[in-house]
Amino acid sequence: PTRRVFSVIYNPRIKGKGNHKLTEVTSWNDPDRLASQYIQDIRHVSHGYANFEVVEQIEVERFPIKADGFVYDGDEYVHCLRAGRGFHKPDGADYHRILADFDIIAKINSGAIDEVWLFAFPYAGFWESHMAGPGAFWCNSPAMTNTDQARRRFVIMGFSFERGVGEMLENLGHRAESTIE
């Protein structure tokens, strides 16, 4: 079976760094390359059983909104990154806003997608995996509430392009452990 993925890449432009994208400013990994290698590795280790296909992708040049409404300014974020401190707390992203911004529930309900992959950076506020929809349960994070308008459960993966494919596979392992438990 092939799982259809909607991928959202948060790659904001940093004004104080020549308006370059964060991946360019930091020399972090290319999210497209990470996704491709991740898909290949999962297919390989599952002997062709687990297949993923990114059927829709969007790259947004902004920071995700935190659950409390906070949004980083690009220069402020880079300053915190270089200093290794000063990041906003609480860290959690507003997942309901993400679902609404990208019409994810409608995509799930229509069968266009099966799950969501969010790519961002440290302190973006994403869980490794987060389950939503009716009957959602702990999936390496608390079940997402107020998503019963979805016709089925689905998972939202959170990946950091600061990291590599190995960490993405570890996220999947934690997702599997939670699901089996």
Side-chain angles (χ1 to χ4, degrees), residues 1-11 23 28-67 92-121 124-181:
T2 298
R3 306 289 294 168
R4 295 171 307 258
V5 175
F6 175 54
S7 175
V8 180
I9 301 168
Y10 287 91
N11 198 5
T23 51
W28 285 337
N29 293 300
D30 174 3
D32 292 326
R33 200 169 322 151
L34 288 173
S36 176
Q37 186 61 56
Y38 178 70
I39 290 168
Q40 289 174 34
D41 285 359
I42 293 169
R43 185 176 299 127
H44 175 74
V45 300
S46 71
H47 301 284
Y49 181 76
N51 295 291
F52 291 90
E53 178 185 4
V54 176
V55 295
E56 184 178 352
Q57 176 179 288
I58 185 166
E59 183 171 336
V60 292
E61 295 178 350
R62 62 178 170 83
F63 286 85
I65 298 170
K66 301 290 186 178
D94 185 343
Y95 274 84
H96 289 98
R97 179 72 165 260
I98 292 167
L99 294 180
D101 283 353
F102 303 107
D103 206 21
I104 290 171
I105 299 287
K107 293 173 197 246
I108 289 289
N109 286 345
S110 73
I113 64 168
D114 299 304
E115 66 180 71
V116 178
W117 295 353
L118 304 175
F119 284 90
F121 35 80
F126 297 149
W127 296 100
E128 288 183 348
S129 57
H130 198 42
M131 188 180 293
F137 54 86
W138 177 272
C139 185
N140 204 34
S141 69
M144 191 171 173
T145 60
N146 301 318
T147 57
D148 288 343
Q149 65 275 31
R151 292 192 189 121
R152 63 175 183 78
R153 290 185 297 251
F154 63 98
V155 173
I156 305 165
M157 297 296 292
F159 299 123
S160 174
F161 45 69
E162 178 225 9
R163 302 292 180 113
V165 175
E167 288 82 9
M168 295 171 71
L169 293 168
E170 183 177 359
N171 291 6
L172 181 62
H174 292 158
R175 170 185 170 177
E177 289 170 342
S178 291
T179 303
I180 291 168
E181 191 175 288

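All figures in this text were calculated on a predicted structure; none of them were measured in a lab.
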Q: For residues A136 and A143, report the shortest heavy-atom separation together with the two atoms involved.
A: O-CB, 3.4 Å
Q. If we only count heavy atoms from C-beta on, is the I113 to V5 side-chain gap below 4.5 Å?
A. no
Q. How long is the gap from CG on L172 to CZ on F52, to the nearest 0.5 Å?
A. 6.0 Å
Q: Just grab all the side chain to side chain donor-acceptor pair (under 3.5 Å) pairs involving residues 38-55, residues at least two apart or on different chains.
A: S36-Q40, Q37-D41, R43-N51
Q.
Considering only residues two or more places apart or on different chains, which pairs with a residue in residues 142-170 satisfy salt bridge (Lys or Arg N to Asp or Glu O under 4.0 Å)?
A. D114-R152
Q: Find the distance between OG1 (T23) and CD1 (I9) and round it off to the nearest 0.5 Å.
A: 9.0 Å
Q) So which pairs with a foot in residues 171-181 pass salt bridge (Lys or Arg N to Asp or Glu O under 4.0 Å), sequence neighbours left out? A) E115-R175
Q.
According to salt bridge (charged side-chain N to carboxylate O under 4.0 Å, His left out), who are the partners of R3, at least two apart in sequence or on a separate chain?
A. none
Q) Does the side chain of T147 come within less than 4.5 Å of L99's, by heavy atoms? A) yes
(Q) Please give me the minimum heavy-atom distance between G158 and N171, naming the atom from each residue. (A) O-ND2, 3.0 Å
Q: Sequence neighbours left out, what passes side-chain contact (heavy atoms from CB on, under 4.5 Å) with A124? Give chain and number order.
A: P64, A120, F121, F126
Q.
Could you report the tightest heavy-atom contact between A112 and R4, atom names first, then the distance?
A. O-NE, 3.4 Å
Q.
My understanding is that only residues two or more places apart in sequence, or in another chain, count here; which of them pass salt bridge (charged side-chain N to carboxylate O under 4.0 Å, His left out) with E59?
A. K21
Q. Within the distance-only criterion (no hydrogens, no angle test), does the side chain of N29 pair as donor or acceptor with the backbone N or O of V165 below 3.5 angstrom?
A. no
Q: Start with the C-alpha distance between Y95 and L118, add both sets of side-chain angles, then the distance that settles side-chain contact (heavy atoms from CB on, under 4.5 Å), and finish with yes or no.
A: CA-CA 11 Å; Y95 274 84; L118 304 175; 4.0 Å; yes
(Q) Enumerate the side chain to side chain donor-acceptor pair (under 3.5 Å) contacts for residues 127-141, please, sequence neighbours excluded, ordered by first and then second residue. (A) E128-N140, E128-H174, H130-S141
Q: Evaluate the side-chain proximity of R62 to Y10: yes if any heavy-atom separation is below 4.5 Å, no if none is.
A: yes
Q) Which pair of heavy atoms, one from M157 and one from V155, lies closest together, and at what distance? A) SD-CG1, 3.8 Å
Q.
Tell me the closest heavy-atom pair linking N11 and F161, and the distance in Å.
A. OD1-CZ, 4.2 Å
Q: Evaluate the side-chain proximity of I39 to V54: yes if any heavy-atom separation is below 4.5 Å, no if none is.
A: yes
Q | Test salt bridge (charged side-chain N to carboxylate O under 4.0 Å, His left out) applied to R33 - qualifying residues, sequence neighbours left out | A | D30
Q) side-chain contact (heavy atoms from CB on, under 4.5 Å) with A35: which residues, sequence neighbours excluded? A) W117, F119
Q: Apply the test side-chain contact (heavy atoms from CB on, under 4.5 Å) to residues F154 and I104: give CA-CA distance (whole Å), side-chain angles for both, the deciding distance (0.1 Å), then the verdict.
A: CA-CA 10 Å; F154 63 98; I104 290 171; 4.0 Å; yes
Q | L34 side chain reached by F159 side chain, heavy atoms, under 4.5 Å | A | no
Q.
With a 3.5 Å distance limit and no angle check, can you tell me whether H96 reaches the backbone of A67 through a side-chain donor-acceptor pair?
A. no
